[in-house]
Amino acid sequence: MEEHAVHENVVVNSWNEWDPLKHVIVGRADFSCIAASEPGCDFVNEIPKDGVMRGMYGPRPLETVEAANAQLEGFAQILEKRGVTVSWAEPIQWNRAVSTPEWSAETLFGCMPPRDVLLTVGREILEATMSYRSRWFEYLAYRPLLQRFFQEDPGFRWEAAPKPRLTDASFRPGYLSPDVSDEQRRQWVTDKVFVTTEEEPLFDAADVTRFGKDLFVQNSFTTNRSAIDWLQRHLPHHRIHAVNFPGDLHPIHIDASFAPLRPGLILSNPMRQLPDDQKDIFERNGWEIVLAAQPVHEHRPPLCEGSVWLAMNCLVLDPKTICVEASEVNLQEQLDKLGFEVVPVPFRDVYAFGGGLHCATADVYREGTCEDYFSKQ
Ligand code: NVA
């Protein structure tokens with residue numbers, strides 16, 4: 001592995017999910033939309049059907065945007081008090097129709113979850129392909145920051161994965177139909193048949209979790225095997241491992257399923273466990289996988305398409321300190337017993353905009369270097 005000398009102009013450096021965090025990007029809720037249905041996703045039908053905007057797409061209610069931004073600002077203040085520099089995503093007007101020569105979409109989505117778009121691997125930030133048409137242009141919210149990092153840090157590797165075509169060939173017709181039974185869905189995810197096809201590499205950055213030299217990538221609705229192959233070719237000094245969580249009938253993004261907390265310790269969603277043959281590498285290398293405590297809430301917040309398991313979408317500040325949503329006392333108690341200082345952060349008003357505390361951030365700088373935690377492959 002190539003070593004990079006640390007010098008004072010280093011802005012971007014982060015190799016894993018737990019080393020001491022010094023600089024992070026935080027998302028914003030402004031102009032966020034419920035995106036119109038499209039071949040790869042059906043937000044309109046996935047959010048709870050009991051609220052305003054039932055069956056509608058378009059801008060989210062202003063009071064919900066203001067409440068989310070207030071909690072995002074509160075989170076940023078907590079981070080800054082603990083010595084973490086916060087850089088903000090820069091929203092554009094997401095409520096607009098867009099097109100490429102091959103498709104058009106009625107609305108964009110938003111930039112609350114930078115984790116979905118930006119994958120930081122050491123001195124590199126890689127813009128993901130994304131896998132929904134409504135999220136194709138989301139990189140624009142991060143370009144002002146990435147341009148600045150590029151100017152300030154001579155060793156920063158600014159990369160973008162090939163922009164996907166996202167024609168109908170990239171999606172399996174009828175896959176998301178409400179007429180499909182859970183039994184059929186269970187069979188599909190077990191067989192690794194997802195809504196996205198293997199037509200072209202497709203991934204969201206939030207399907208990747210980083211352990212130094214090893215990256216574990218969830219093969220899911222939003223990340224196909226072609227993208228996992230692309231990532232291995234793009235990062236030849238790393239080992240890329242595909243993982244699956246067949247208990248999840250709607251697998252999207254790894255960080256409410258499987259989350260490393262510190263060297264040797266991983267938090268796993270008890271409803272979405274790794275198949276036994278995929279657990280081996282962790283056991284062989286001395287990693288303990290603990291099952292996360294039951295979320296406090298039985299229901300997700302209004303207009304939220306994520307699950308109650310956003311409870312385990314925590315942000316690790318260093319191997320002894322972790323941010324957890326303020327109302328998730330079961331998980332807080334569990335982490336306290338595991339030896340962490342828990343920092344409670346009110347965040348339920350943000351969930352509907354695309355996720356929890358980990359989703360809402362993207363690493364810019366963590367201390368530390370690239371280590372090999374899996375010498376027994
Ligand atoms: N589909 C996931 C999102 C993870 C960040 C869930 O809500 O469980």
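In listed order, ligands and their atoms are each counted from 1.
- In terms of protein heavy atoms, atom 2 (C) of ligand 1 is closest to Ile252 O, 3.4 Å.
- Taking a cut-off of under 4.0 Å to the non-hydrogen atoms of Gly306, the atoms of ligand 1 that pass are 7 (O).
- In the model, Asn224 has no side-chain atom that pairs as donor or acceptor with a side-chain atom of Thr196 under 3.5 Å.
- Between Asp372 and Arg239 there is a salt bridge, since at least one side-chain N of the basic residue sits less than 4.0 Å from a carboxylate O of the acidic one.
- Here the heavy atom of the protein found nearest to atom 5 (C) of ligand 1 is Asp255 OD1, 3.3 Å.
- Between Ser37 and Asp42, the side chains place a donor N or O and an acceptor N or O closer than 3.5 Å (distance only, hydrogens not considered).
- With a 4.0 Å cut-off on non-hydrogen atoms, Ile254 does not touch ligand 1 at all.
- Protein heavy atom at the shortest distance from atom 4 (C) of ligand 1 is Ala256 CB, 3.5 Å.
- With salt bridges taken as basic N to acidic carboxylate O contacts below 4.0 Å, none links Lys320 and Glu341.
- Only the side chain of Cys359 comes within 4.0 Å of ligand 1, counting heavy atoms alone; its backbone N, CA, C and O stay farther away.
- Remark: Asp363 engages Arg115 in a salt bridge, criterion side-chain N to carboxylate O under 4.0 Å.
- The protein heavy atom nearest to atom 7 (O) of ligand 1 is Ser307 N, 2.7 Å.
- If you check the side chains of Trp158 and Glu124, you find no donor sitting under 3.5 Å from an acceptor.
- Residue contacts with ligand 1, taken as heavy atom pairs separated by less than 4.0 Å, involve Arg272 solely via side-chain atoms from C-beta onward.
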